[in-house]
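A short worksheet on the structure shown next.
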Amino acid sequence: MMTEEAFDVIVVGSCMTDLVSQSPRLPKEGETIHGRNFFIGFGGKGANQCVQAARLGAKTAMVAKVGKDSFGDGYLRNFKDNGVHAGFVGQSPDAATGVASITVTDAGQNAIVIVAGANALLSEKELGEALPAIASAKVLLCQLEIAPQTSLRALRMAKEKKVTTIFNPAPAMADLDPDFYRLSDVFCCNETEAELLTGRPADTAEEAERAGRELLRRGCGAVVVTLGARGCLVLKSANAAESLPATPVAALDTTGAGDSFIGALAFYMARYPQMQLGEMARRAGHVAAASVRAMGTQSSYPHKGDLAGELF
Ligand code: RIB
């Protein structure tokens, strides 16, 4: 059974219903402004990354918790529609499905407030039920929208079974348990997260590289720092940083582009294990660039057939 069920990528993480408003700008504190458009989509960093990996052709599974409500029912259908195994996604009567209130401005900026809801109830016991699937997976991926201890436990389980790990410390927390670094084969964050984690600026290329080196020094196997429209940095050893420019693109909505990048990276790590990390990151950058051309998170993620054949 386990051979049949061996997953390329297994994600232990969040599911959120994204409530997205488009507006000319972000409101100031205490201010009400008129928006232009509203839509509901499937989001949550964990599920976004999982769905992107699945759309590229990875065999994926999600370990998560949603509420026993209409958003939760919809989310289970969404996994089915995307070919993601949802046998480890529980529905709790004790909390609502997580939601993210997202405002996207005409200039493409966004601001997000999440309410974790049922995501916070995913327990280490439930995680234990997924152990056989984690143990046989090629890549395990975690973030920080569920209880950090659950993510840490998942990373430990994967490392004990010699499964390759990717950790995305988002949303970032300043007092991250040092074990997260040691348990990450690839630690992938954006420049804002790098700044919060290291306490150093990461705005310029030099600063981002310095922050990346500091993260690497904490024990990760490799560090990838995404820099939005400026591409990304890949650090595998203290002496070598590879800078990869982004694909120039007219961005409509960058929300979830980082998740598209990480989901794609997980796909390449699982399916092309001999490829250099820098090349994987370059290709993942192309996938993420495709995602910013449409509104929403998962609604904007490309399928394999939408992308150039040279990426596969
Ligand atoms: O990274 C984008 C995601 O962050 C959104 O889908 C939202 O749900 C929040 O989790």
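In this text, all values refer to a predicted model and were calculated from it rather than measured experimentally. In each ligand, atom 1 is the first atom listed, and ligand 1 is the first ligand listed.
Every residue meeting the ring pair (Phe, Tyr, Trp, His ring centres under 6.0 Å) condition with Phe79, not counting sequence neighbours, appears here in chain and number order: Tyr75. With sequence neighbours excluded, the residues that form a ring pair (Phe, Tyr, Trp, His ring centres under 6.0 Å) with Tyr268 are Tyr272.
At least one heavy atom of Gly44 sits less than 4.0 Å from an atom of ligand 1.
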Criterion side chain to side chain contact (heavy atoms under 4.5 Å, CB included) on Arg282 and Val234, from CA distance to verdict: CA-CA 10 Å; Arg282 186 188 72 79; Val234 175; over 6 Å; no

Give the C-alpha distance, both sets of side-chain angles, the deciding distance and a yes or no for side chain to side chain contact (heavy atoms under 4.5 Å, CB included) between Leu152 and Phe180. CA-CA 6 Å; Leu152 200 56; Phe180 275 108; 3.7 Å; yes

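Remark: ligand 1 atoms within the under-4.0 Å shell around heavy atoms of Ala100 are 7 (C), 8 (O). Numbered from 1 in the order shown, with element, the atoms of ligand 1 that lie under 4.0 Å from a heavy atom of Asp259 read 1 (O), 2 (C), 3 (C). Against a heavy-atom cut-off of under 4.0 Å, Glu145 is close to the following atoms of ligand 1: 4 (O), 9 (C), 10 (O).
Between Met157 and Arg153, the closest side-chain pair of non-hydrogen atoms falls below 4.5 Å. Looking only at side-chain heavy atoms (C-beta outward), Asp259 and Thr297 stay at 4.5 Å or farther from each other.
For Thr255, no nitrogen or oxygen atom sits less than 3.5 Å from a nitrogen or oxygen atom of ligand 1, counting backbone and side chain alike.
The nearest protein atom to atom 4 (O) of ligand 1, hydrogens excluded, is given as Lys45 NZ, 3.1 Å; this is a heavy-atom distance. Considering only non-hydrogen protein atoms, atom 6 (O) of ligand 1 sits nearest to Asp18 OD2, 2.7 Å.
In Met16, the part holding a heavy atom less than 4.0 Å from any atom of ligand 1 is the side chain.
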